[in-house]
Every structure is written in C-alpha cells, then in structure tokens.
Q: 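Please see the structure below; I have some questions.
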Amino acid sequence: MEALQHFFPDQSFDLGLISVNETKSEFTGDYTVVLFPFVKMLRQKPDELGNTLGVWLTEQHPELFTAFQVVSGFLNLTVNDRFFLDMLSRNWNNQCYGTAAASGKKVMIEYSSPNTNKPLHFGHLRNNFLGYAVGNILKVNGDTVVKANLVNDRGIHICKSMVAWQHFAQGATPESSGIKGDHLVGDYYVRFNDEYKAQVKELMASGMSEELAEKEAPIMKEAQQMLRAWEAGDEAVVSLWKQMNAWVYAGFDITYKNLGIDFDKFYYESNTYLLGKAIVEKGLEKGVLFRKEDNSVWIDLTADGLDQKLLLRGDGTSVYMTQDLGTAVLKYNDFGLDRSVYVIADEQNYHMQVLQLILKKLGEPCADGIFHLSYGMVELPSGRMKSREGTVVDADDMIEEMISMAEQQTKENGKADGFSGEEQKQLYRMIGLGALKFYLLRVDPKKKMIFNPQESIDLHGFTATFIQYAHARICSVLRKEQLPVMPAADVFAGKSIGEGLFEAEKHILKMLEQYPVAVETAAKEMSPSVLCNYCFSLAQAFNTFYDRHSIAKAESEEKKQMRLMTVVMIARTLRHAMSMLGIELPEKM
RNA sequence: GGUCCGGUAGCUCAGUUGGAUAGAGCAUCAGCCUUCUAAGCUGAGGGUCAUUGGUUCGAAUCCAAUCCGGAUCACCA
C-alpha cells in the first residue's frame, strides 16, 4: 500500500481508491490490486496500467515483490518470501505480538447485571461471555478497561422471593438445606409464583374477574407491602433482604468463578435507584422536560421519531429510565470515561436509544460515549426460554453437563490415558467450557441464536476443541524437538529457506502477519467472532501444514528451525487470541 | 400501525470500505494412520445470496419497494 502511494506522486486523486485484497487461491500471487478505479482517472486500459505498475513495483521494491501477473483488470503481486521470514524472525518469540500500544482511552463495559432473585440461566451466559471477551479485546487493543456489573438487587422481584421464603422455608438456609444460595432463593421465587397463581385461581372461582384477582391476591399484596417497607428502611425487612442477597452473591461468586469471569467494579441498584432525580430536576429547569397535570414528568421525543417517555411518576418516585440516567452520569463521573459500553439483549434497543437521546438533550457529556452492544436472544429449538414455563436451562447445570460430555468423549477416544486425576479434571473443564464459550461467541452478537444441545457438544469442525487440539499437537512436537537454538540470522541465512516456502508454510506466515489486523477488527466491531474465525483458520492452516510436511525431518536444519519458530508463533498466537475469549488451551489432549 | 434487527447450501454460520468462478463447519459419499497426537487431512455432490426494480465497468454488499421472521413502542425492570 505504501509502495503504491509513491507510484502516484500526484495527489490530485483520492488514494482511498486503491484497494488491495488477498489474492484468491485459484490465481498465483499473494496480494491483488484492483485496477478499475484508476482507469477513468489515468485514461489507461486496465491491463496496460497493471503492467506498468507491476514492472515499477518489482523494480523499485524487489525486497517486497518478486513477480506479478495481470489478469483482466486485476494485478496479482507475489510477495517476496523474505518479507514473511523477516516478520517471523522479528516476532516468533514476541510475547506481545498482537497487543496494541496504549490508546489513552478509558472504556467501561457493563455486563452480566443479574437480578438477585434467581440463579443465572443459559441466556445470561451469552451476555457474560460476550462482555468478558469484548472487555479483554478492547484492553489488548490498547484501551484502559473497567469491567462493571450493575446488580439489580432491589425491587418487587426480590420481595417475592422474600415473602415466599418467610411463608414456606421454615428458616432454611443454604447451609441447612445444602442448596446453593442463588438456587435456594430462586426456588422461593418459583414458589411465590405457584402460590400466586393458585390464589388468583381461587379468587376467580369465587366470582372475581381475572384482572381484579391478580391485584387482590394476598401474597402479591404482601410483596408490594414489603417493597414499601424496604423503601421506608424497615429494619426487619432490610435485614432479611441483606441476608438473602448475601446467599445469592455467594452463589453467583461460584458461578462466575466456574465461568472464568470477573469484574473490576460492582454497582448496586439499591445504591443507585434514587439517582437521576436531580438530573430530572435540572432538565425541568432547562425546559427540556415537562410536567403533566398529575405531576408526572415527561420528555417529548416525537420530533425524533420516538414517543413521549415518563421520567418521574406523579408521586415523585423514579422509574427504570430515571435510574439509568443517574447511573450513566455516575459511571462517567467515577472514571472519566471516553466510552461506556452496555452489554444488553436486543429487546432493550429502544430503551437504550431513548436513554442516549435523553442524555444528549440534557446536555450530559456522557451521552456521546454510550454504546449499546446489543445481542440477540438465545432460543431453544423448541422456542424462546420462559422461566414461568420451566423451559429455562440453568447456567450451573449447563457448565456441569458440558464438562461431563467432554469427559465422556475424551474417554471414548482414549485421549486422557496416562493423565493424573487432577490433569484429567482440568482437561475436561478446558474442553467443556471452551466448547460452550466458543459456541456462544462464534456467531455475530446481534444475531439471535438457537441453542442446539447436540451441536454445542460437538467437538469437531468449527469448535474450540479443534483449536485446542492443534495447540496440543504443537506442544507435543515442541516437547520432542529442541526449540529454535540457532540465532534467527543464521536460520534465515540458509539458502534452503530463501529459495522457496511451500504453499502451506507461506499461508501460515501470511495469516500470522495478519493477526494484529484481526485484533484491531475485533475491537473495532466489538465482535469476538472475528477472533473465533481467525483462530479456526490458523489452526486449520497448521493442520494442513502438519499433514503435509514434517518438522522433525525437515529438508534442512535451517528449515527445521524455521518451522519450529513458526509453530511456536502459531501456538503463542492461538493462546493470545483465545485467552481474550476466556478459553484455555491444553498442552496435551 | 410506527421504529429497529434479521433472511446466504438440507442444518448452523462467515463474507472487511462494492471486485475475479459466493466460502467454512455439520450432515451425506469416496479416499488417507509401521513415520512429529486421525478430536486430524484430501476430495466429491449440494446455491435464483427472500423477491422485484434501480445505481455502474462490476452488487450477497449501496438505494427503493414488496414478502417472511423477530424485538420494541408500560406510571415492569
């Protein structure tokens, strides 16, 4: 690209017209320049231009290009092997290859954000993996990243669990029942709903309308009463609330740890739910917001193609949006953020659009940095998961199931023979969790996805296992062969290398050279799937090479050393990329 | 009804700012282990890129309309 710019010293035309692509495999060459864009400008036939350009490039930059071919409007350039070998000698042992220089930008990524009335389910997994991975990707790409979790720890949902616990638990605790805290609390949430349904049914049987029965069910009134007591600071209620939330957090900690996920900062809605009112007051003064007759406060977004939105109830209490306004400003003030990323399902697209627009209208500086990383819902083959219908797949169960599937398949293949018990356990974890993470991250976030249990445990093809296996094969070779011991200069002085890389070798080096670009793209698009695809292709390229050429019995000592450097760099790159996704690679499998 | 998102092989998905004969994996079929790990490799079949029109040297990609699927438009969070 840079070489090309010198060919056109005349800056009168747009250099953006130059487009360079990788050459398709059916043609000879490595990179292709598309000639059509220049034709008009230079009034030359494409093929003539291609020849002139090709001759010029190979003469001026023999260190870069060794040959060219012009095929109907496309200039295919063959890159000098030396270029790739230089890249290899510079980077094969570079721990930081792919890590970008600090950008000076501060980014917060909020994800997970669970409710504290029930355990995490399968739908949360996509959120958790996505947030964790994107946070890492941004970090590697140079940003300073704060991983945040906004815990939804208050509200009617938790009161429901509390009421049911009071009625039915007879003082059961996680310790006394042996049930994980989040599951225990979740059980009483389910119990509440059962009881509520029964009461509604009963009231309707005695002649009440459904609508009225839903309002009058005693257990629901009790929960609402409890919420009011909580907001009034009632000691007994607050103390029960603290206790049950503590159980849930202990449970979440275990789940997060099992998932390999962490956070730098926790926000709790019980601390933030009152924020935002001051912002609303300011908005009223500025005249951006208006008050209706019943004293409720609204913003009119109809001019922007949206609706009117409530920001404060008539009685002065906040709604969801009010809290979110407050939290957005709080985050910004806490860290001085350049960007604030929200990992939230696409059902909240409208909410997030409105949130950003309101902040903008209020003149809040945090508005511009807000980005909604929206992802599609995870559905089962039978349709959408519904907690009320019991079709929810529990996250803890899912993890365990994946690990035991991994164990079963590993044993069937006899792959863990000679492993110690502890090594086996670790391996099953790596494979099971890796498969799950990869399965959820390999698809573009904004597409909704169907979780197919059978497919997710498949360990062939486009999976984490495939990549882990390639890594293990490399480690196996490196255990037997001496790491490159010759100085790079000596290795590459050998004529046997300079005279021609095999296609499979060159393909790998070309891919490795492109790794930093892949990281940059993944960061720019906030898409871990870019890395999934990259790693799969690299592993595939390695497998092809491995099948075709021997490392141990290479054609010359220099070539052997060069191949060892190459596979070291492949393994390092795979680890670097996969660790951003939270996937570990075993040395043996 | 308004807004937003999606529609690519039987299935699940890639496809950079428009570029050559649209690519992977799964599934199906045919080959490859006395030699560095066969959870692998090689090959075959499989397509009206939802439909129609437009923009141009050139469209899966950009524009318009239509069809199908989903989300959302709460004094729930």
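Letters A, B, ... mirror the listed sequences (proteins, then strands); counts begin at 1.
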Q: Regarding Asp444(A), tell me which of base, sugar-phosphate or nothing describes its non-hydrogen contacts under 4.0 Å with the strands shown.
A: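 Answer is sugar-phosphate: Asp444(A) comes under 4.0 Å of backbone atoms only.
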Q: In whole angstrom, give me the gap between the P atoms of A30(B) and U8(B).
A: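 Between the two P atoms, the distance is 30 Å.
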Q: Need one value for Gln540(A): base, sugar-phosphate or nothing, where a base atom within 4.0 Å counts as base even if backbone is also close, heavy atoms only.
A: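 Answer is sugar-phosphate: Gln540(A) comes under 4.0 Å of backbone atoms only.
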Q: Report yes if a side-chain nitrogen or oxygen of Thr544(A) is closer than 4.0 Å to either non-bridging phosphate oxygen (OP1 or OP2) of U42(B); otherwise report no.
A: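 Yes, such a contact exists.
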Q: Does A77(B) have OP1 or OP2 sitting under 4.0 Å from an N or O in the side chain of His351(A)?
A: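 Negative; the distance criterion is not met.
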Q: Quick one: look up who G47(B) pairs with, Watson-Crick or G-U, both distances under 3.5 Å, and put none if it's unpaired.
A: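 Across all strands, not a single nucleotide pairs with G47(B).
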Q: Now, which nucleotide makes the Watson-Crick or G-U wobble pair with G10(B), with each of the two distances under 3.5 Å?
A: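 Across all strands, the one nucleotide that pairs with G10(B) is C26(B).
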Q: Examine G69(B): is either OP1 or OP2 under 4.0 Å from a nitrogen or oxygen in the side chain of Lys448(A)? Give yes or no.
A: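 For G69(B), neither OP1 nor OP2 has a side-chain N or O of Lys448(A) closer than 4.0 Å.
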Q: By the 4.0 Å heavy-atom rule, please label Thr465(A) as base, sugar-phosphate, or nothing.
A: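 The answer is base, as Thr465(A) lies within the cut-off (heavy atoms under 4.0 Å) of a base atom.
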Q: Both distances below 3.5 Å, Watson-Crick or wobble geometry, any strand: find the nucleotide opposite G1(B).
A: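 Pair assignment: G1(B) / C73(B).
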Q: Students often get this wrong, so: under 4.0 angstrom with heavy atoms, is Thr410(A) touching a base, only sugar-phosphate, or nothing?
A: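 Counting heavy atoms under 4.0 Å across all strands, the contact made by Thr410(A) includes a base.
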Q: Mark yes or no for whether Asp304(A), through its side chain, and Leu306(A), through its backbone, hold a donor-acceptor pair below 3.5 Å.
A: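 No: the side chain of Asp304(A) does not pair with the backbone of Leu306(A).
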Q: Kindly indicate whether the side chain of Thr32(A) and the base of A20(B) share any N or O donor-acceptor pair separated by less than 3.5 Å?
A: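 Answer is yes: a donor-acceptor pair is held.
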Q: Reckon Arg313(A) has a side-chain N or O less than 4.0 Å from the OP1 or OP2 of C76(B)?
A: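 The answer is yes; a side-chain N or O of Arg313(A) sits under 4.0 Å from OP1 or OP2.
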